[in-house]
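FYI, side chains are in, hydrogens and waters are out, and symmetry mates aren't considered; it's all heavy atoms of this structure. Each residue takes its place number in the sequence, starting with 1.
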Amino acid sequence: MSQLILADKSDLLRRSISSVLSREGYEVVTAETGNRVLSLVQTMKPAAIILDLETPDPSGLETLLLLKRDPATRRVPVVLVSRDSTPSAVSNAFKVGAEGFMLKPIDLNQLLKTLNGLQIPIPQLNSPITLSVTGRVNARTTGSLRFIDQYGTIYLDKSANKDDPAAKIWN
């Protein structure tokens with residue numbers, strides 16, 4: 001399950017968007033200030049951040065700038081949300097490093113398309129990962145990442161999970 005940070009000063013917006021994203025399989029952690037976003041991103045390593053430009057303390061744009069300047073967080077994709085549709089607002093967002101920009105009120109279908117289109121960072125080689133399959137067969141296995149081929153097939157180090165009954169699904 002991908003973790004997201006959703007930052008907006010409106011509690012109603014945070015709750016409503018979180019509800020929709022949760023139903024789509026995302027784990028959503030909310031924040032109402034830029035400082036809270038900066039704190040959360042250090043501890044949870046989210047797959048993406050949805051950040052309102054009007055988020056206070058610091059502003060959304062300043063928070064984005066701080067995220068993109070920090071080597072530990074610069075690769076976390078950020079989608080900025082704003083009521084301001086002026087060319088300068090959109091241009092500034094992308095100049096600072098946003099991977100997406102959406103206008104309020106948020107079109108939830110477009111938000112989901114944007115999140116699905118983000119280039120979520122893949123695990124590093126030999127890093128431990130857990131894979132899950134649900135549906136006809138429910139299984140979960142853990143191992144070290146060996147490689148991911150051009151078709152998106154994930155290969156784990158077999159020695160890391162040879163006794164795992166679910167391993168036969170992945171082999």
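- Other residues, nucleotides and ligands contribute only 12 or fewer heavy atoms inside 6.0 Å of the CD atom of E32.
- Dense packing is recorded around NZ of K45, with more than 12 heavy atoms of other residues, nucleotides or ligands lying under 6.0 Å away.
- Considering only residues two or more places apart in sequence or on other chains, K104 meets the side chain to side chain donor-acceptor pair (under 3.5 Å) condition with D8, D52.
- Rounded to the nearest 0.5 Å, atoms CG (L53) and CD (E62) are 11.0 Å apart.
- Other residues, nucleotides and ligands place no more than 12 heavy atoms under 6.0 Å from the CZ atom of R83.
- Rounded to the nearest 0.5 Å, atoms CD (E24) and OG (S2) are 12.0 Å apart.
- No side-chain heavy atom of V29 sits under 4.5 Å from any side-chain heavy atom of Q3.
- One finds the CD1 atom of I49 at 8.0 Å from the CG atom of L38 (value rounded to the nearest 0.5 Å).
- Rounding to the nearest 0.5 angstrom, the gap separating the OG atom in S16 from the CD1 atom in I106 is 8.0 Å.
- Between L40 and P46 the shortest side-chain heavy-atom distance does not fall below 4.5 Å.
- Put simply, OG1 on T86 and CG on D84 are 3.5 Å apart, with the number rounded to the nearest 0.5 Å.
- With D70 as the partner, the side chain to side chain contact (heavy atoms under 4.5 Å, CB included) test is satisfied by one option alone out of T73, L66, L67: T73.
- A salt bridge links E54 to K9: at least one charged side-chain nitrogen sits closer than 4.0 Å to a carboxylate oxygen.
- When side chains are defined from C-beta on, L112 counts as touching Y26, because their heavy atoms get closer than 4.5 Å.
- Between the side chain of K68 and the backbone N or O of V76, at least one donor-acceptor pair lies under 3.5 Å.
- Considering only heavy atoms from C-beta on, L64 comes within 4.5 Å of L80 through its side chain.
- To the nearest 0.5 Å, atoms CD1 (I5) and OG1 (T30) are separated by 10.0 Å.
- Using modelled atom types and a 3.5 Å distance limit, the side chains of S10 and R14 yield no donor-acceptor pair.
- Put simply, the side chain of L115 reaches to within 4.5 Å of the side chain of L4, judged on heavy atoms.
- Of all non-hydrogen atoms in T55 and A7, the two that sit nearest each other are OG1-O, 3.6 Å.
- T63 contributes a side-chain N or O that, together with a main-chain N or O of P58, makes up a donor-acceptor pair within less than 3.5 Å.
- The two atoms that bring F101 and A89 nearest to each other are CE1-O, 4.1 Å, heavy atoms only.
- Judged by distance alone, the side chain of S39 and the main-chain N or O of N35 form no donor-acceptor pair under 3.5 Å.
- L51 places none of its side-chain heavy atoms less than 4.5 Å from the side chain of L61.
- With contacts defined as side-chain heavy-atom distances shorter than 4.5 Å, the pair R69/R74 does not qualify.
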